[in-house]
Structures are given as structure tokens and as C-alpha cells.
Amino acid sequence: MDLLLGAVVLGVLLGCFYAAVSVGLSVSFGLLDVPHVAHPAFLVLASYGVFQLNESYDIDPLLAGLVITPLFFLFGLLAYRVYYETFERRGSDAGVRGIAFFFGIAFIIEVLIIMQFGVDQRSVTATYIGKSWRFGEFRIPIRQLVAFAVALGLTVLLAVYLSKTFMGRAIRAVAQDEEALRLMGANPVRIKQFAFGIATAVLGIAGALLIIVAPVEPTLDRAYIGRTFCVVVMAGLGSISGTLIAAIILGVAESIVLTMFGASWAPAISFAMLLAVLAVRPQGLLGR
Amino acid sequence: MKHRHSIVFWAGVAIFLAAVLSMTQIVRNEYPFFAGYVILQFIALAVAWSILGGYAGYVNFGTNAFFGVGVYTAVALFKATGAPLVVQIAAAAAVGLALGFGVGLLTLRMRGIFFSIATIALAIIIETCVMNWRFVGGAAGIQIQRPPVMAPFDSYVKMLFFVQAVLVVIAVSTARYIQNSRIGRGLQALRDDELAAECTGVPTLKLKLVACMISGALISAAGAPAAMYLQYADPSSAFNLSYSVSALAMALIGGTAHWIGPVLGAILLGSTQQLLAVTISSEVNVLVLGIMLVLFVVGAPKGIIGLLRPRYRLRAGGKP
């Protein structure tokens, strides 16, 4: 019983972390409809950026995440521009070629990381990494608690931004009816580009969390394709509050399966849940 | 006109197989066969992928699932009964056909990226199951002892090279047949506009299922000899995602409007990779794959055949 309770607690912590790595995809795929399969690859790239800063200048990983966030914002602006010019503006089977395009990008990022950093696992150092708190039977690593707190803050912040600020509302409006926005004199492409920049910028912090939670390796993005898309689809496309709930469900499910059946089944859980959601309720938990 | 095309095609096939066979008898150095086997395998994969991915426009990322299932059907059968290679390939094709039916039923109602993601999901789930399957070695993999080599060939690699050439011929002639048949025209109709195709009486789901089954059977069959080639099989290489990306990249780079496209793409990219693997490294291989994929998707949406024959470009321009 204690074991199960421990698994659930760790699962909730893990779930909030999953929300932070998925929330950007919830904007780019959920709201903007960009088939962004390279999202996890950008995430791992951010982790390596954090690793580099931590290694050479001994900066705290979270601070390093903040440092690379503006870079990722610009990177996102650029990526959307390329995507828009080559696919959305031309309009011919954008879906099919868009997926292939982002898959190609993901592969290129993977290889560049391997060529720069090698295939070994990399981790960061910080005062809160390696220690843990004991609660009777089970221990909670402090790195998990830090990741949980920051992830929760990040997700809530983005949700507030999208629902309360002018720009946030514009982003949601462009997702709902681009044409109406154009008629009102706004430039939908500029708004979408900005939104994609935000969605990518969030990955700076999320990448820091990724390498705080566990060591990273260049092909880690493949496991996160399942997790991030599972969360975004289960949430109902574009729903930020749904993202948090769906991510916690995934985290708890993974944590319980890990405790009960062992690590060898872990990679399949997110994908199995994703398939189940697609087959049974494709509009997601909080879907429109 | 069509009849004459057929004669040219089958004459080409006969010349190709004769060339392959005589090459195995004349060339003594074994290296060309190791490299050639991989290129032939990629031709079979790219052509098989394009039957669903190209003709119907459903981007299947589960090529590695079908390939791995082919590998492990062969391994399991060989370990259990010591069945000969031909039986292994036939069994792999049958399992691939069944898997294609199951995958199709579950996922072909999904559109666009949801279908693609679902096929990645299936691949990972199947890989995880194989990893937990003790009989075929689990995650650690399994060593394969090759049986003695058969008559006209003096080494196992040469034999596998010939076998894979036959599989290429089967894949290409199947793709060619489908392209010119009612199935192919139906698939192209639903690719251009699924709703309109459905409304004009094209049985879209049935056609997609057929395409998925045939494509799956061909991919699994192409994977069956892989364990014999490597004398070893393990889940993470048999289900490697790079099979999916390679098949897709080769088909898209060559062009998917005609069966010759994937063949050209696979020959171009496959031989480039073989050269690079020898001269530089396997990382550069993947880099080249990624860069070529992105460049072609952005710059030449209809692939090499689109560049060669402007007709395909015109056809693409009219699409909404």
C-alpha cells in the first residue's frame, strides 16, 4: 500500500514535469495546427545547451535555462517562418510534407548533438541534485521536487498568459478563426509566428528540467514523442488546463506500471495511452 | 501501348535478375554483396512504403514495426523449427499482411498527423513486447547460426543478395500493378480529396486497408532475411526508427507519383550512404538522410521524378 502511495506521489511530480515539456506542443500543435514532431528534439537540444553552460561556467541549470530561453524564442520565430513560407503559404499537401520536414529536422538535431557531445549520457551539477527527503517508507529526490515546482509554475504562467493578456487572447483567436482576425485588421501570420516563438521559448526552461530530472542522451527525444503527443492529444488540442491534468494522468500511470511491472514496459505506456485515446476519444478529455 | 510497356518492364526485370545472378557467380570479393544487399533492402522498403504512403498519402511511420516483425517472425520460426529461408520469408509476409490488417483497422480512420503518430506508437508497443519476449532473446538479442549455403551460391551473403533482389522485383511489380489498377486509381483519388472520393463511390476504407496489408506484407518480407544477414537480431536495431525515416525519405526524395520514384530515391540515397559509411561515419549517414529529406521536401515536393518530368509538377500545382 505504501509502495503504491509512493508511486502515486512520484507520478504526480513526474506528471507536472510532463506538463512543462508538453505545454509548448499544446500551443504549436494544439492551437496552431503545426505537425511539430521535432518538439522533443528541440527539448533535448535545450538540455544540451543547459549542460554546456553548466559545464563551462558552472551556472545553475535553471538559470542556464533562463539564459537560453530568448535564443529559443528567436529560433522558434525562424522555424515558423520557414514552415510558413514553404508549406502553409503554398498550401499543397502541407500535412504530409510538414511531418516529413519536422522529422528531418529532428534527425538533423539528433546527429548534430551526437557529433558535438557524443552518445554518452550527460548530466548537470547543482546543490539540489543527488539529495532526497525521507517520508517514512519512501524517499522523494529533491531534484524531482524542484522540477515539479518549476514545471507547475511554468504551466500555470503560460495558461494565465494565454487567457488574460491581449497577445494571449489574440493567439487563441487566431487558432479559432484566422479569417475573422484578418478582417479585423490583424496579421494572423505575425501572431502565429509569435505564438510559435513562445512555444519554443518555453522549451528553454523545460530542457533545464529535463536534464535536472535525469541524465540526457541524444536520442532521448524519441521517447518524448510519445509522451508529449499523448499529453496534448489526451488534453484535447490546445487546452492548457487539460495539459496539466493529462500529464498527471500519464505520470501516475507510468509510475505505477514502473513499480508493479518493472522498467522494461515503461516506454510503451505513453504510446499505448495515446493509441487508446485516439481510438476511443480523439477529441481528448477536455476537447471541444 | 500499355502492353508494350509491360514487355519492356518484364524484359528489364529479367535482365536485372540475370545480372544479379551472374554477378554472384563471377565477382569473388564479398564486400559488394554486403553493401548491395543493404541497398536492395532499402529499395524494397521504399517501394513497399509508397504503396500506402505515396499512392494514398497516409504517412506511415511504422515501417520499423513491420520490418522488425518480419525479422522476428523469421527468428522465431528458425529457432522453433529450423525452417528454410523461403519459408521464413513467406511466414514473415503472412504475419505482415495480418499486422497490416490490424494496424489499418485501428488507425486508418485517423487523418494526417494522427495516423502518423499512431503508427509510431504501434511500433514502440510491438518493440516493447518483443523486448519482453524471452524465447527470442528479449532485449539482449539473439545469435543466429546460418544453415549451410545452397547450390549455385558459394557464400551466404551472395545468396541473400540474390534473395533480396527477388524481393525487390516482387515489391516493384506489385507496386506497378497497383498503380495501374483500379486500386491505385482509387488510392490516388482519395489522396487528392478523400471526402470527394467517398462521395463518388470509392470504397476508401477498403482500399486503404488493402494498401496497408500489401505494403505491410512486403516490408515484413524484406525484413525476414535481415537476421540471417547480420547473424544476429535485437529489438532496438530491428525496430530502429531509422528504417521508417529512410523508407519515407527515399520515397519522398525519389517522388511518389510513380513506382520508379522510390526506386531512384533508394538507389541514390542508399548508395550515397554506403559510400559515406565506408569513408566517414554512420552519424554523417543520418545527417545526410535528414538534410536530403528536408531539402527535397522544401525544394522539390515531387521528388526526383518531379524534377525530371514537369508533368508531375503541373499536376501538383492544381491541388488546393
Side-chain angles (χ1 to χ4, degrees), chain A residues 29 33-37 82-83 85-87 90-115 118-119 218-219 222-223 225-226 228-230 232-233 237 261-262 264-279 282, chain B residues 53-54 57-59 61 106-107 109-118 120-129 131-132 138-139 191-192 241-242 244-245 248-249 251-253 256 281-299 301-302 316-320:
Chain A
F29 178 52
D33 225 14
V34 177
H36 193 3
V37 278
V82 173
Y83 175 77
E85 291 294 339
T86 44
F87 300 106
R90 288 194 211 154
S92 65
D93 35 294
V96 173
R97 293 191 300 123
I99 305 169
F101 172 76
F102 279 113
F103 239 101
I105 298 282
F107 257 61
I108 292 172
I109 291 177
E110 255 180 36
V111 180
L112 291 180
I113 293 176
I114 290 176
M115 289 166 94
V119 292
T219 52
R222 298 181 186 185
I225 292 178
T228 52
F229 275 90
C230 173
V232 171
V233 171
L237 293 181
F261 302 97
S264 63
W265 288 99
I269 297 158
S270 57
F271 285 103
M273 284 175 72
L274 173 60
L275 268 189
V277 171
L278 281 176
Chain B
Y58 274 69
V59 181
F61 271 110
L106 188 64
T107 60
R109 287 186 187 84
M110 301 169 194
R111 305 295 292 273
I113 187 170
F114 293 104
F115 171 76
S116 301
I117 300 279
I120 301 180
L122 277 164
I124 303 260
I125 291 167
I126 294 170
E127 180 187 348
T128 310
C129 292
M131 273 193 179
N132 286 283
R191 184 205 152 109
D192 289 344
L241 193 64
S242 64
S244 301
V245 179
L248 162 142
L252 289 186
I253 286 169
T256 52
S281 72
S282 58
E283 272 82 56
V284 180
N285 249 333
V286 184
L287 189 64
V288 168
L289 188 73
I291 291 176
M292 294 269 276
L293 177 60
V294 169
L295 283 184
F296 267 87
V297 160
V298 171
K302 291 289 142 183
K319 254 184 250 172

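Quantities reported herein were computed from a predicted structural model and do not represent experimental measurements.
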* Picking from E127(B), M110(B), M131(B), M292(B), which has the most non-hydrogen pairs under 4.5 angstrom with chain A? -> M110(B)

* Counting only heavy atoms closer than 4.5 Å, note whether I225(A) contacts chain B via side chain, backbone, both or neither. => side chain

* Specify which of T107(B), L122(B), N132(B), I125(B) makes the most heavy-atom pairs with chain A at under 4.5 Å. => N132(B)

* **Side chain to side chain, F87(A) and P301(B), heavy atoms closer than 4.5 Å** => no

* Check whether I291(B) gets within reach of chain A through its side chain, its backbone, both or neither, counting any heavy atom under 4.5 Å. => both

* Structure fact -> Whatever's closer than 4.5 Å to a heavy atom in chain A on Y58(B) counts as neither

* Structure fact -> Turns out that what part of L274(A) lies under 4.5 Å from chain B's heavy atoms comes down to side chain

* Considering only heavy atoms and a distance below 4.5 Å, find which of V284(B), I120(B), L248(B) pairs most often with chain A. => I120(B)

* **From CZ (F271(A)) to CD1 (I126(B)), nearest 0.5 Å** => 12.5 Å

* Counting only heavy atoms closer than 4.5 Å, note whether F102(A) contacts chain B via side chain, backbone, both or neither. => neither

* Asked: Does atom CZ of R109(B) have more than 12 heavy-atom neighbours, drawn from other residues, nucleotides or ligands, at distances under 6.0 Å?
  -> no

* What is the minimum heavy-atom distance between P35(A) and G98(A), and which atoms define it? -> CG-C, 4.0 Å

* To do: Count the heavy-atom pairs under 4.5 Å between each of A121(B), S244(B), G290(B) and chain A, then report the option with the highest count.
  => A121(B)

* With a 4.5 angstrom heavy-atom cut-off, which part of I114(A) approaches chain B: side chain, backbone, both or neither? -> side chain

* Structure fact -> Output for pair (L241(B) CG, E110(A) CD), nearest 0.5 Å, gives 8.0 Å

* Asked: Do F107(A) and V245(B) have side-chain heavy atoms sitting under 4.5 Å apart?
  -> yes

* Heavy-atom side-chain contact between I117(B) and V37(A) under 4.5 Å -> yes

* Tell me, for V286(B) versus chain A, whether the close heavy atoms (under 4.5 Å) come from the side chain, the backbone, both or neither. => both

* Tell me, for V82(A) versus chain B, whether the close heavy atoms (under 4.5 Å) come from the side chain, the backbone, both or neither. => neither

* **Proximity breakdown for F229(A) and chain B, heavy-atom pairs closer than 4.5 Å** => side chain

* Asked: Looking at CD1 of I269(A) and OG1 of T128(B), how far apart are the two atoms once the value is rounded to the nearest 0.5 Å?
  -> 9.0 Å

* Structure fact -> Interatomic distance, CG@N285(B) vs OG@S242(B), rounded to 0.5 Å, equals 9.5 Å

